[in-house]
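Reading through the structure tokens given below for one structure.
In what follows, residues are counted from 1 in the order of the sequence shown. Values reported hereafter were calculated over all heavy atoms of this structure, with side chains retained and with hydrogens, waters and symmetry mates removed.
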Amino acid sequence: MAAKIRRNDTVRVMAGKDRGRQGQVRQVLTGRGRAVVTGINMSRRHRRARSATDPGGLVDVESPVHLSNLQVVCPSCGRATRVGFRLLEGAKKVRYCKRCDEAVD
């Protein structure tokens, strides 16, 4: 299946504790169907000190969000939208916004 959400896309969270917030996708975990989004789904971890310069303590970490809870924000219309695929001349496949019918890529 083609990737509807890719790295460096701006996405909006549609469900969960961060619903309505936007962020940029840092990493997509395709095997687990999740994505790590900057500043979204933050959790606290206890980290052991590794050296004198890295003291450890409580660290905020971004946890992965399920792809079904994310929607791509269209760069042309600025709204969260579903993404479709279209073949251009030369057999190039691009994603497009289903609201404004403009290419996302």
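Taking hydrophobic clusters as Ile, Leu, Val, Met, Phe, Trp and Tyr residues chained together by side-chain heavy-atom distances below 4.5 Å, L67 shares a cluster with V83.
Contact of the V72 side chain with the I5 side chain is registered, since non-hydrogen atoms from C-beta on lie closer than 4.5 Å. In this structure the side chain of K17 reaches within 4.5 angstrom of the side chain of N41, judged on heavy atoms. Looking at V61 and R47, their side chains come closer than 4.5 Å, going by heavy atoms from C-beta outward. Put simply, the side chain of E62 does not reach to within 4.5 Å of the side chain of V37, judged on heavy atoms.
In this structure, the separation between CZ on R12 and SG on C74 is 11.5 Å, given to the nearest 0.5 Å. R34 CZ to L29 CG: the interatomic distance, rounded to the nearest 0.5 Å, is 9.0 Å. Here M14 contributes atom CE and S68 contributes atom OG; the two are 11.5 Å apart, rounded to the nearest 0.5 Å. Separating the SG atom in C77 from the CZ atom in R99 is a distance of 7.0 Å, to the nearest 0.5 Å. Note: T38 OG1 to Q27 CD = 11.0 Å, rounded to the nearest 0.5 Å. Rounding to the nearest 0.5 angstrom, the gap separating the CG atom in D60 from the CZ atom in R44 is 4.5 Å.
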Original post:
Yes or no on side chain to side chain contact (heavy atoms under 4.5 Å, CB included) for E102 and Y96, after CA distance, side-chain angles and deciding distance?
Top reply: CA-CA 5 Å; E102 291 289 324; Y96 74 97; over 6 Å; no
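Here the options are V11, I40, V36, D18, the test is side chain to side chain contact (heavy atoms under 4.5 Å, CB included), and the partner is V65; only I40 passes.
A salt bridge is absent between D9 and R26: the closest approach of a Lys/Arg side-chain nitrogen to an acidic carboxylate oxygen does not fall below 4.0 angstrom. Ion pairing between a basic and an acidic side chain is recognised when a charged N comes within 4.0 Å of a carboxylate O; R86 and D101 show such pairing. A salt bridge links D105 and R6; the closest N-O separation between the charged side-chain nitrogens and carboxylate oxygens is under 4.0 Å.
Across all non-hydrogen atoms, the minimal contact from T53 to P55 is O-CD, 3.3 Å. In this structure, P64 and R32 approach most closely via the heavy-atom pair CG-NH2, 4.0 Å.
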